[in-house]
Amino acid sequence: MADAVVPPAGAVAVEVVVAAPAHSGLGEPLTYLAARPLAPGTLVRVPLGRREVLGMVWEPTATPREAPAGALRPVAEVWEALPPLDARWRALVAFAARYYQRTLGEVALAALPPALRTLSAAQLTRRLHKAARARHSAAPSTPGGQPPSVTDAQAHALAVIDTSDRPVLLFGATGSGKTEVYLQATARLLADDPEAQALVLVPEINLTPQLEQRFRARFGDAVTTLHSGLTPAQRLQHWLAAHRGQARIVLGTRTAVLASLPRLRLIVVDEEHDPSYKSQEGARYSARDLAVYRARLGADLGCRVVLGSATPALESWHAAAVGRYQRVDMAQRMGGACWPQLRLVDMRQQPRGTTLAPALLAAIEARLARGEQALVLLNRRGYAPVIACDACGWKSGCPHCSAHLVYHKGDRSLRCHHCGHAARVPRACPDCGNVDLTPIGRGTEQLEEQLALALASLRRADGSPVRIGRLDADTARAAGALEHTLEAVHSGAIDVLVGTQMIAKGHDFRRITLVASVNTDGALFASDWRAPERLFTLLMQAAGRAGRDAAFVAAQGSVVELWVQTAYPQHPLFAALARHDYAAFAAQQLHERRTAGMPPFSHQALLRAEARQLDAALAWLRHAAAAAHDLPGRPHVTLYAPVPMTMTRVAGIERAQLLLESPHRPALQALLAAWLPRLHTLRAHADTRGLVRWAIDVDPLSF
DNA sequence: AGCACGCCGACT
DNA sequence: GTCGGCGTGCTC
């Protein structure tokens, strides 16, 4: 074919990484011919088999590989218009690829905006010119207003951020003014260095619109965003602005940690404990951990990293305790806002099946009567998690998953929350024909209904009936619905907001004086040993929604309360919660984890397998474990027996996993690095029929 | 991962 | 007789 073309005299070999997984045999950089040497980080299009793909020039690997068999093919196109991705960025990608056991190309190319891959060099050049013109015609940014003066705690935090040689863990209560610290740290940096860039990471941008608003209000056009809500064209445009240094501040979700930011000097990870920083597919990286590493790579520029949370991840808390991070405390809530008092409702004293204890209902009524608002948390959407037949015991199971179909009353459907399967609610039991099917348990939809019923006779000051709003993945699906509901809470159009954990995020509600958690115990004894940490975080976060306006609370003469319904009121988690004492909770949890040898006192990786039949998945994992037998690091790594996942079947696929654990991270890393090539060989040559796919998850968060 | 080639069941 | 299922093999 075209390969017969004789390379021009003076052509040189260049190494190029492409977005190919390791099992393709293309894990290492590929060698092509170019008319002249190309700088590492340059984007190129290269022929690969019968197609042409985007690749990136990489520096030759330290250990020279033997030349590929056939004649080298020439690079098809060099994207000269785009400045190469710089050495710091490549070092970050190289680290992420190595640590999370992926190929360079997978990580490097996945970090680029998808729209970039579809462009030709000519289209890119046009795009860049257009962006440059738009920039010239745009009005200069006009940051609005004077920054507010800072409290002593904020000033201290800023001083530490300025001077610390370590990652800073900003431990600040909800409403203690962490955002103002981020803003002023950013402002100082930009004032100090006319080219510096800052990266602000948030868990989910649509749940925290206020942070974006505050950054825009302060820095105007210097702010750009990077998240999945943007159109492909916007994402490309924003990415280019960051890459070319025009965007001074990038506000984004976890993917933004891999954005190109040549003059990056400040990284903020807000709500650093949030699990959404851990990627759950592809390269399963932790954006928080990569942020810390990235700051280290930028040390020569004076790059700093700030991890902020009211309830840090226990890993981060421990890192601060041993001195790897520097902790700064901001304990006080601004403006004298007070902490909710904890009210535990012992559900063992309530009749079985009670949704809302009478005392809690009365407390809500009292608040509504005074014109205050309440927030009721139930971490389960739908009307009921399952429906059952009264006669034969049939339950609504998903045909594709080891899960129940959830009853959604609104559209009379049964829906699987794992695979999306949806069906009409049957008129009668599919097994015995009995017509009495009963919903078991409660979801937000039912809670909303029961609250409406219970509060039906209640009137607001103006005589109108009280209004109940619901916020969960179902009601938030429609465009603008989330903003609309939040606005209704702010304006007072909604008196009681019912919802899943999404109502606990950073919304700054002014008139909420009561927060209630209705069905708490599921999380207390979940099989996942991280469940208590997540529950504590959720309840602290939810509690933080109440009493934010101290003047309002005082004028009302009200008491701010957090109500928790539980059958285990004596659980130590609640004692710490009552004192809103994260430190005590962390100490207790860390003690348990140390005793049990769990993270952060050990390091873990999972080998996950998916297969048509469970046996095939388990057999593969056993093969894999056997293949690890004599590997480096093996003596320091515990391999547990392969087990089916808690949710064994999802969308017709059986899942199992093998846990690896080591007190010594380098040993685990060494083992993984040596193990993966063997696994690829095993997959290709051993009998692995039925196995659909497998993947390594380093530092897994969920099991 | 793509994208081909290649060998067995229900349709114009 | 073809269209099309997805099994295996290759890509510097």
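These numbers come from a predicted model, not from an experiment. Here is how names work: the chains are called A, B, and so on, in the same order as the sequence lines, proteins then strands, and each is numbered from 1.
A straight line from CG of A/L54 to C1' of B/dG2 spans 15 Å, rounded to a whole angstrom. For the pair A/E52 CD and C/dC12 C1', the interatomic distance rounds to 14 Å; values are reported in whole Å.
Each ring pair (Phe, Tyr, Trp, His ring centres under 6.0 Å) pair with one or both residues in residues 223-244 of chain A, not counting sequence neighbours, appears once here: A/W239-A/H243. Residues in residues 611-655 of chain A take part in these ring pair (Phe, Tyr, Trp, His ring centres under 6.0 Å) pairs, two or more places apart or across chains: A/W620-A/W694.
Here A/R530 pairs with A/E315 under the salt bridge (Lys or Arg N to Asp or Glu O under 4.0 Å) rule; sequence neighbours left out. With sequence neighbours excluded, no residue forms a salt bridge (Lys or Arg N to Asp or Glu O under 4.0 Å) with A/E77. With sequence neighbours excluded, the residues forming a side-chain contact (heavy atoms from CB on, under 4.5 Å) with A/P642 are A/L618, A/L621, A/R622, A/L658, listed by chain and number.
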Enumerate all atom pairs, one protein N or O and one N or O from nucleotides 4-11 of chain C, separated by less than 3.5 Å.
| unit_1 | atom_1 | unit_2 | atom_2 | d |
| --- | --- | --- | --- | --- |
| C/dT11 | O3' | A/G49 | N | 2.7 |
| C/dT11 | O4 | A/S24 | O | 2.8 |

